[in-house]
Amino acid sequence: MKSDQIRKKYLDFFEKKQHKIIPSSSLVPQDDPSVLFNTAGMQQLTPYLLGQKHPKGKKLANIQKCLRTNDIEEVGDKSHLTFFEMVGHWSLGDYFKEEEIPLMYEFLTSKDGLNLSKDRLYFTIFEGDKNAPEDKEALEIWKKIVPENRVYSLNAEENFWSAGDSGPCGRDSEYFYDTTEKGLGNLSKEEFLIHCEKLDIIEICNSVFMEYEKKDGKIIKNLKEKNVDFGGGFERWCILKQNVESVYETDLFNYFIKILEENSDKNYLIQNKAYRIICDHMRASVFLISDGVLPSNKDQGYILRKLLRRSLLYLKNINFNLEKMDVLLFSVVDKYKEFYPNLEEKKDLIYSEISKEFQKFEKTLHSGMKKFEEIVDVTKKNNNVCKIDWGVFNTLDCCNEVCGKDAYDLFTVYGLPLEIIKDEAHRRGVGVDEKNFNKLIEIHKESSRISSDVKFKGGLGGDSPKIRAFHTTTHLLLAGLRKILGEHVHQAGSNITEERSRFDFTHDEKVQREVLDEVENYVNSAIENNIKIYSEVMEKEEAKKQGVEGSFWEKYPDKVSVYVMKDDLGNIYSRELCGGPHVENSAEISQFGKFKIKKEESSSAGVRRVKCIFV
Ligand code: SER
């Protein structure tokens, strides 16, 4: 059964059962700034599940576009996806479990529905805990329809559902399908769980019986009306009905893989992980752009940028002919446009935004790969011994491997993800020291967190591209002031809004306009000289010794993360401890204009204040 038929079957079935079909909402929730994306079908219905009247009535059904990013690094295996479609239907204070359970059983097993084999189905109910009792009603209903030994009671992790810590929630019943060749037949609970673990048996959907409301993780009351919130993984249904191994072999992707294979020199069977990542990330990107998201350094735009950059890396990995990008992208539009018509409307925008982002990333990538080659050469020449002794890091760990520090630099400076570094290293016959790479990432995170606390108590008015640009110039400003006025100058405060940056520093007399001009020139020349901005992990003592700028050193652990601003010739413009949001290269600053120090005044005893703008 083709994917379009499955969609149609589902919606027709529930329409016949008096459900109104509602459209999928945008991937970006319209009224909820607290979440980046729609992650479940019920999200757009939360107010109605809490009691508000829905204009379309009490019985609704749809297929909803969803995006989950928490498992983005896992994509590439058989089952993880970022973008997916969730099949859903709801009873808002209408029917409850007595009707829902037989209704779903009918859909799963009848010819009007998925027509799945009854022998391969298993079901679960909630076993009860201190928050909510065992779902005995659901068990009784199930017992009337299927043999009792096909129903298992499981704990809250499996069979109690809520969207988060607060909101409507309830016990649920889940539906499972046996995908093995011969069929497993009746199983004990232990056997059932083992086969689930092995993915012989997979969950295909769940019906949540919403009757409680949660606040901050605790059930606070019963809902006025009882609801049903059903959700099913559309991609999984396609796998079952098409009898294939993974979603990538279904008709949701097979045409796409064919285009990739026709225009690259490796096929799916050989480069299966790269292929899967491209499939997932490109499809998600197409849908994100159709819903108004554009690549940027912030929020949804940042996720889109990440998806696209990872896609490009893997497209290069399989040597895809990028001239065929239009064919590739438009194939997704064609596949989905009947059900999601805005794809066709946004077709040109999708192509132009993706091409632009690829061109931008190509430049970084070019220097990144050059650096990578150098590192591999040195690694091989030095008999693969790590060139830096990190004290706590055992240099022996680095043998036969690109050392963690080099991998970390490739990641932070050039944006090469670890798995690409690993792939590329393996192709050249060396490994990668992941352990130390991960250690450095952890140190960076911790150090950034401390610097953020130290520097920005109320001082950053958001995290827009302009605020990032202002914040980055603040580093250059401080470096310029120290260079020209002397080493006694340190940061004493900072406050940044969309309009201007305000910066306080230690110095006890008025700064003349000529000096300010010189500082301004220092900042602007760094920007013009195409500086790169990236972080480096160092021993704290070594950082101090090398003159890295920072205050409150005592708050930092032994290893610190230093932001470096450096041009292509290797000139360093600033090195400072920091954790704020930075741009990655000067072009992101120059788009706002030239940096200008507008005003200089006294702030308090021994502290001067400047206000700066872009003109
Ligand atoms: N809300 C439940 C889920 O996301 C059922 O729709 O799985």
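Here, residue 1 is the first one in the sequence, and each next residue gets the next number. First listed ligand is number 1; within each ligand, the first listed atom is number 1.
Ligand-side atoms of ligand 1 in range of M86: 4 (O), range being under 4.0 angstrom from any heavy atom. Atoms of ligand 1 found under 4.0 Å from any heavy atom of M42 (numbered from 1 in listed order, with element): 1 (N). Which parts of ligand 1 touch G231 is read off a 4.0 Å heavy-atom cut-off, strictly below it: atoms 5 (C), 6 (O). In summary, the atoms of ligand 1 found under 4.0 Å from a heavy atom of A40, numbered by their order in the structure, are 4 (O). Contact atoms of ligand 1 toward N206: 2 (C), 5 (C), 7 (O) (distance under 4.0 Å to a heavy atom of the residue).
Considering only heavy atoms from C-beta on, Y314 stays 4.5 Å or farther from F320 through its side chain. For the pair V332/F256, a side-chain contact is recorded, criterion being any heavy-atom separation below 4.5 Å from C-beta on.
The aromatic ring centroids of F84 and F234 lie 6.0 Å or more from each other. Close placement of the F192 and F176 rings is indicated, their centers lying within 6.0 Å of each other.
Here the side chain of R171 pairs a donor or acceptor atom with the backbone of E134 at under 3.5 angstrom.
Given atom 4 (O) of ligand 1, the protein heavy atom at minimum distance is W161 CZ2, 3.2 Å. The protein atom (non-hydrogen) at minimum distance from atom 6 (O) of ligand 1 is D229 OD1, 2.9 Å.
Ion pairing between a basic and an acidic side chain is recognised when a charged N comes within 4.0 Å of a carboxylate O; E584 and R305 show no such pairing.
Of the heavy atoms in F230, only backbone atoms (N, CA, C, O) come closer than 4.0 Å to ligand 1.
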